[in-house]
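Proteins get letters first, then strands, A, B, ... in listed order; numbering begins at 1 in each. Here the structure is a predicted model, which is why all the values come from computation and not from measurement.
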Amino acid sequence: MNKILLLSTLTSALLFAVAPVVKPAQERTFSQSQFMPDMSAILDFSYVNHSISDAELQHLSIPGITEGFYGSHDHGGNSESTYNANNGFNLNYLEVVLSSNVDPYFSVDAIFHFSPEGVEVEEGYFTTTALGNGFRFRGGKLLSEFGRINQQHHHFWDFGNAPLVNEAFFGTHGINELGMQLQWVAPTKMYLMVGAEALQGTNEAMFGNAQIADPNSIDPEDPTLLAEEVTAPSLFVGYIKSSLDAGNTTFLPGLSLAQGTSNIDHLEDEEHAHAFAGDSSVYGADLTVKHFFDSYSFLSWQSEWIMRDMDGTGYHNDAGTTEAGDIEKEQAGYYTQLVYAYDQNWRFGVRYDSIYLNDITRNGITQSIIDPEAANPVSTTEDFDRYSVMSEYHPSEFSRIRLEYNHNTALYNEDGERQNLDTVMLQFNLSIGAHAAHDF
Amino acid sequence: MKLLFILFLLPLSLFAHLNIVVTYPYIGAITKAIGKDHVDTIVLAQGNWDPHFIVPRPSLISKLRSADALIMNGGQLEIGWLPPLIKRANNPKTIPNATTFLDLSRHITFIQKPKSLDRAQGDVHPDGNPHFHLNPKNILILAQTIATFLSTIDSEHQAIYATNLKTFEKNWQIYLTRWQNNMASKKGMKVIQFHDNLAYFNQAYALQNIGTIEPLPGIPPSSRHTMEIIELIKQQKPYCIFHDVYHSTKTAQYISDKTGIPIVLMPHDIGALESIDSLVALFDHLTKVQNK
């Protein structure tokens, strides 16, 4: 100890002799380091083994619901793949979060996803802090609070992939849009929150507002429009959430509605060139029930039901001619999951996913099969299911290792044959920097 | 519709006194002792749970939503659960830069402030050990702080708060002597803890903590560390294991069986045990349980 003291005195004496005293950063006149926003980084890395090769997986779809479920559904060379999509190793993201107050009136949060494919602004929004009367206004790129799981970040989910119905309807990133959000918390004893959002409406899976040009127009310079551009914002979301406590059990139910324009243009695709122009309504109901045994152990049951009604005109690019027809799709699905936290270290969970309603009407006629051109057309009464189990080990509050198994019976190849997909995932999720605190 | 809205808001305007939301039960008790009839105290955390891990139930958002002021422990004890609640409550009175927001930790001299910060050292609190209310002398500082706070946000009743503080201080001094007497025989003795949440209690009564059952703050016990603790106990002969009420006593029981030293269950807040219904009961228990 004395030796260290002596050494440090000597060194400092030397420093004094050589250079003027350097004051700590906060005492230097123009130092701004004290204003550094809260910063954290979350690494999500996984090893995945699918029973189907990556190349084959890209051609699988959920008939009538979504195409290219496992990524690589090309849009001008920009392929969006889902989390844990590839066999072998996946760096799902390195999420960088910056967050700070702007002034007494606003705060800003920015969430970036760095991945081998590039950087994405996952979210970037300002939030008011001084409105009062229970109001909060937010604007920027944000995750909609439609339903329960949509606004939660991937690393907060209990499973490594989104529920089947969410991913099939809204795509990999859910309803993640440019837009504005207004929320109000009621001055009641019971938690009651209502919110409304006006969003750009360009979710690639089911919402879009761009014009759709006929690829078979006589004059490609001045093409015939199959659908006019709809002025953005073209997606509107509303929801109401409430919560009750009964002893150590908390109930959190919610109802959501989304209404938007669905101009979806896949006419330039190599396979299955098609387009849809119309309007969509999405209805959601969710319920979370969580019982706490003590500070660390709980049993949580979370379920969400989503139904969509898409009404418009469908187009097919068939060997140089564009065929049009009225289409109405009524589709619905749900997931239900049960998670048990045994203690601070261990968690176990099961989840069941199902898309059970797939009613398709073409030109006023109810369809019994989805794609008449397929070799083995899939019936519209077919259910699409997935089963998942997981177990998690949390060495500390800041790290998590999860082993998950999925049995997915929802995917079909182009001939209309069911391709069962079994997946084993080992995921590592680690966070550094500012302490993350999550909502209920 | 409009009428409905007015009817809806009417009962709120009938409350003339302040709605003070506090994070932990002990803060509620001090605030009530100073504010008496002029304040309503609403406590967010349950006293029998780990203060680091309070479940951010949505019902707590509603409590913050209607708060006139928020008093928290601070020192990052609430870091894992309070910020998201504040962000959702949409109440300008409960945001940290508001004049109606009180961070008690700013008024206390911390002990065990880490010289360097690294999570490899566990879930450390950058400001030092935040469980300062377990030194009963600190309660006096907290009471004075809360009295000043209430007087600033409700200057009309300043005199009442000052009188209430005087009464509280007078009574507390008597209790302090009683607890000092209870603990006199334990001066200088060694203890083991699960987590060092009694650091300030030990400071008050000159007890010496020689080790914790968790290898690092926030890291659950490991068998290797447990063996080391057993060795340590055999060498240094602490007189007991102080244990909180919210962690499993399994490991402590094993250590106790191997070494023969008793486990003493030490409540950390009001409500931690059913019999602890006031601040006085808390310190009575903490100082008496030693002599059993």
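When each of V55(B), I54(B), N48(B) is scored by its heavy-atom pairs under 4.5 Å with chain A, the top score falls to V55(B). Your options are L85(B), I219(B), I61(B), and the one with the most heavy-atom pairs under 4.5 Å with chain A is I61(B).
Q76(B) does not touch chain A: none of its heavy atoms, backbone or side chain, sits under 4.5 Å away. With a 4.5 Å cut-off on non-hydrogen atoms, I79(B) touches chain A through its backbone and its side chain both. For F298(A), no part sits under 4.5 Å from any heavy atom of chain B, backbone or side chain. For P58(B), the parts lying near chain A are the backbone and the side chain together; criterion is any non-hydrogen pair under 4.5 Å. Of the two parts of N97(B), only the side chain, counted from C-beta on, holds a non-hydrogen atom closer than 4.5 Å to a non-hydrogen atom of chain A. Using a 4.5 Å cut-off between heavy atoms, D439(A) touches chain B through backbone and side chain atoms alike. For N248(A), the parts lying under 4.5 angstrom from a heavy atom of chain B are both the backbone and the side chain.
Although no hydrogens or angles enter the test, the distance criterion places a donor-acceptor pair under 3.5 Å between the side chain of R119(B) and the main chain of G433(A).
Side chains of F53(B) and E397(A) form a contact here, defined as non-hydrogen atoms less than 4.5 Å apart. A heavy-atom distance below 4.5 Å is not found between the side chains of R65(B) and Y191(A). Between N90(B) and W184(A) there is no side-chain heavy-atom pair separated by less than 4.5 Å. Looking at heavy atoms from C-beta onward, D245(A) lies in side-chain contact with R57(B) at the 4.5 angstrom threshold.
Ring geometry for F292(A) versus W49(B): interplanar angle of 30 to 60°, hence tilted.
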